[in-house]
Asks: 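Following this message is one structure expressed as structure tokens.
Numbers here are sequence positions counted from 1. Computed from a prediction, not measured in an experiment: that's the story for all the values here. Heavy-atom basis, side chains included; hydrogens, waters and symmetry copies ignored.
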Amino acid sequence: MGTMAERREWTYDGTELAWLRSRLGRPEAGPGHVVSDLVPSGYGAYVRIFHRFEATDGSGLSRTWQAWAKDSGVPFHTELSHLWLRSEDRGPGRSLWQVEDGALDDSSRGALARVLAGVSGGQAVYFAYDLAALLWDEDEPIIRRASLADLETVREAVRDVVGDSGPEFWWPQDRSWVVTTDYDLLSTYVGCSAETAGLLLGDDKLETLPVTLRTRADWETTPPPHPWPH
């Protein structure tokens, strides 16, 4: 897919998603989709977390976007798309590497939850499935209230309904951060404080870059002109 799937309109009034949905959208028209379409406005910082590439040969190896970008001669950039990367397939249906759309890889998801738990402590967290619930013919968004420690339990509990995706949105009771993993995208985006962003950007288990609300988030981006910053 070149763009995020379009969302059917349904009513968020009276749901825990109402506040979040009311703060999404871009201030001006433009190409593609941007971070403000995904993550609410009003946060001090925004971070892109790249879903890790994993080997398809069962070796358990992984590959970073930064390494593949370097091998492809393109910059590790806030709007980096997998379409910029040099193909290393061994023929039709024989990809060497795969990356999940709509779900952080297990290692990155665990690292993200660990960092955010250190920020928010034991307060309740909301986990929401929006587009995934729509595509799986649910009548309304699926929202679960639990702790960050229960993230995998929540994912398992809704697996039969929405598969392995998501959660699409998660945020704590005080709304001090929001995590968005769009159903169609290969990266996760976080809105948070500058201090929390620093923790995410500095965690060696996460592949991250700082972004802004205007940063393109869809696949159909193009590499910036030379010279590229180092």
Side-chain angles (χ1 to χ4, degrees), residues 4 16-28 30-52 64-66 69 75-82 99 101-105 107-128 130 147-148 151 166-219 221 224 228-230:
M4 297 183 293
E16 294 293 346
L17 270 172
W19 76 273
L20 187 154
R21 298 292 307 179
S22 70
R23 286 166 53 180
L24 297 182
R26 61 197 304 167
E28 69 282 321
H33 293 273
V34 294
V35 173
S36 63
D37 290 320
L38 303 170
V39 188
S41 59
Y43 288 96
Y46 294 86
V47 175
R48 177 180 178 179
I49 302 175
F50 295 82
H51 300 180
R52 193 172 298 274
T64 66
W65 287 69
Q66 185 170 13
F76 183 55
H77 188 270
T78 57
E79 296 183 349
L80 175 61
S81 166
H82 68 290
V99 59
D101 53 356
L104 261 173
D105 58 279
S107 175
S108 298
R109 190 171 61 251
L112 174 58
R114 171 179 49 77
V115 172
L116 295 178
V119 171
S120 297
Q123 67 177 287
V125 175
Y126 293 91
F127 302 100
D130 188 1
S147 70
L148 275 171
L151 169 58
E168 287 174 72
F169 301 106
W170 22 313
W171 67 94
Q173 185 78 40
D174 65 6
R175 302 177 183 174
S176 57
W177 48 261
V178 173
V179 176
T180 300
T181 304
D182 188 89
Y183 190 81
D184 287 336
L185 298 184
L186 307 178
S187 289
T188 288
Y189 293 84
V190 183
C192 56
S193 68
E195 181 179 3
T196 299
L199 295 174
L200 296 174
L201 294 167
D203 194 287
D204 61 6
K205 300 296 184 183
L206 296 169
E207 186 173 22
T208 56
L209 281 176
V211 294
T212 72
L213 288 173
R214 290 184 170 85
T215 302
R216 285 273 298 274
D218 59 284
W219 296 1
T221 57
W228 296 326
H230 295 285

Asks: Closest heavy-atom contact between Val39 and Leu24?
Replies: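 In this case the closest contact between Val39 and Leu24 is C-CD2, 3.3 Å.
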Asks: Do His51 and Thr188 pair up side chain to side chain, a donor and an acceptor below 3.5 Å, judged on atom types alone?
Replies: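 Per modelled atom types, His51 and Thr188 side chains form a pair under 3.5 Å.
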Asks: Working to the nearest 0.5 Å, report the span between CZ of Arg52 and CG of Leu206.
Replies: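 So the CZ of Arg52 and the CG of Leu206 are separated by 8.0 Å.
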Asks: Could you check whether the rings of Trp170 and Phe127 sit parallel, tilted or perpendicular, using 30° and 60° as the cut-offs?
Replies: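 Tilted.
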Asks: Does any non-hydrogen side-chain atom of Glu79 lie less than 4.5 Å from one of Pro224?
Replies: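 No, too far: nothing below the 4.5 Å cut-off.
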Asks: Would you find more than 12 non-hydrogen atoms of other residues, nucleotides or ligands less than 6.0 Å from Arg23 atom CZ?
Replies: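 Atom CZ in Arg23 is packed in, count exceeds 12.
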Asks: List the atom of Glu28, the atom of Arg26, and the distance in Å for their closest heavy-atom pair.
Replies: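 Shortest heavy-atom separation between Glu28 and Arg26 comes out as O-NE, 3.0 Å.
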Asks: Working to the nearest 0.5 Å, report the span between OH of Tyr46 and OG1 of Thr180.
Replies: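 Answer rounded to 0.5 Å: 10.0 Å.
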Asks: Taking it one step at a time, do Glu16 and Trp171 satisfy side-chain contact (heavy atoms from CB on, under 4.5 Å)?
Replies: CA-CA 10 Å; Glu16 294 293 346; Trp171 67 94; 4.0 Å; yes
Asks: Taking C-beta and beyond as the side chain, do Cys192 and Ser176 meet within less than 4.5 Å on heavy atoms?
Replies: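 Counting from C-beta outward, Cys192 and Ser176 never come under 4.5 Å.
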Asks: Please give me the minimum heavy-atom distance between Gln123 and Gln173, naming the atom from each residue.
Replies: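 Closest heavy-atom pair between Gln123 and Gln173: OE1-N, 3.1 Å.
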Asks: Walk me through it: do Tyr183 and Asp101 pass the test side-chain contact (heavy atoms from CB on, under 4.5 Å)?
Replies: CA-CA 6 Å; Tyr183 190 81; Asp101 53 356; over 6 Å; no
Asks: Quick one: are Val47 and Tyr189 in side-chain contact, heavy atoms under 4.5 Å?
Replies: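 Contact flag for Val47/Tyr189 side chains = no.
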Asks: For Pro40 versus Val178, what's the shortest heavy-atom pair and its separation?
Replies: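 Minimum heavy-atom contact is CD-CG1, 4.0 Å.
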Asks: Within this structure, what is the CG-OG distance for the pair Leu17 and Ser22, rounded to the nearest 0.5 Å?
Replies: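 The distance works out to 10.5 Å.
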Asks: Is any side-chain heavy atom of Thr78 closer than 4.5 Å to one of Arg48?
Replies: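 Arg48 vs Thr78: side chains apart.
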Asks: Would you check, one step at a time, whether the test side-chain contact (heavy atoms from CB on, under 4.5 Å) holds for Val125 with Leu116?
Replies: CA-CA 10 Å; Val125 175; Leu116 295 178; over 6 Å; no
Asks: Would you check if Leu20 and Phe169 make a side-chain contact, meaning some heavy-atom pair closer than 4.5 Å?
Replies: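 Contact flag for Leu20/Phe169 side chains = yes.
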Asks: On a heavy-atom basis, which atom in Leu104 and which in Thr181 lie closest, and how many Å separate them?
Replies: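 Closest pair (atom of Leu104, atom of Thr181, distance): N-CG2, 4.2 Å.
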Asks: Let me confirm one number: the CD-CG distance from Glu168 to Asp184, rounded to the nearest 0.5 Å.
Replies: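 Interatomic distance, Glu168 CD to Asp184 CG, rounded to 0.5 Å: 9.0 Å.
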Asks: How are the rings of Trp65 and His82 set to each other: parallel, tilted or perpendicular (split at 30° and 60°)?
Replies: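 Perpendicular, since the angle between the ring planes exceeds 60°.
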Asks: Answer whether the closest heavy-atom distance between the side chains of Ser41 and Leu213 falls below 4.5 Å.
Replies: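 The answer is yes; the side chains approach within 4.5 Å.
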Asks: Would you indicate whether the side-chain heavy atoms of Val119 and Leu199 approach each other to under 4.5 Å?
Replies: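 In contact.
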Asks: Any heavy-atom pair between the side chains of Leu151 and Arg109 that's under 4.5 Å?
Replies: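 Side-chain contact under 4.5 Å: yes.
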Asks: Closest heavy-atom contact between Asp218 and Arg216?
Replies: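 So the two residues come closest at OD1-NE, 2.6 Å.
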Asks: Would you give the length of the straight line joining atom CD1 of Ile49 to atom CG of Leu209, rounded to the nearest 0.5 angstrom?
Replies: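 Separation between the atoms: 11.0 Å.
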Asks: Any side-chain donor paired with an acceptor under 3.5 Å for Trp177 and Ser120?
Replies: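 Looking only at side-chain atoms, Ser120 and Trp177 do form a donor-acceptor pair, the distance falling under 3.5 Å.
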Asks: When you measure from the side chain of Asp37 to the backbone N and O of Val34, does any donor-acceptor pair fall under 3.5 Å?
Replies: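 Yes, because the side chain of Asp37 sits within donor-acceptor range (under 3.5 Å) of the backbone of Val34.
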Asks: Can you tell me how far apart CD (Glu207) and CZ (Phe76) are? Round to the nearest 0.5 Å.
Replies: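 Nearest 0.5 Å value for the CD-CZ distance: 4.0 Å.
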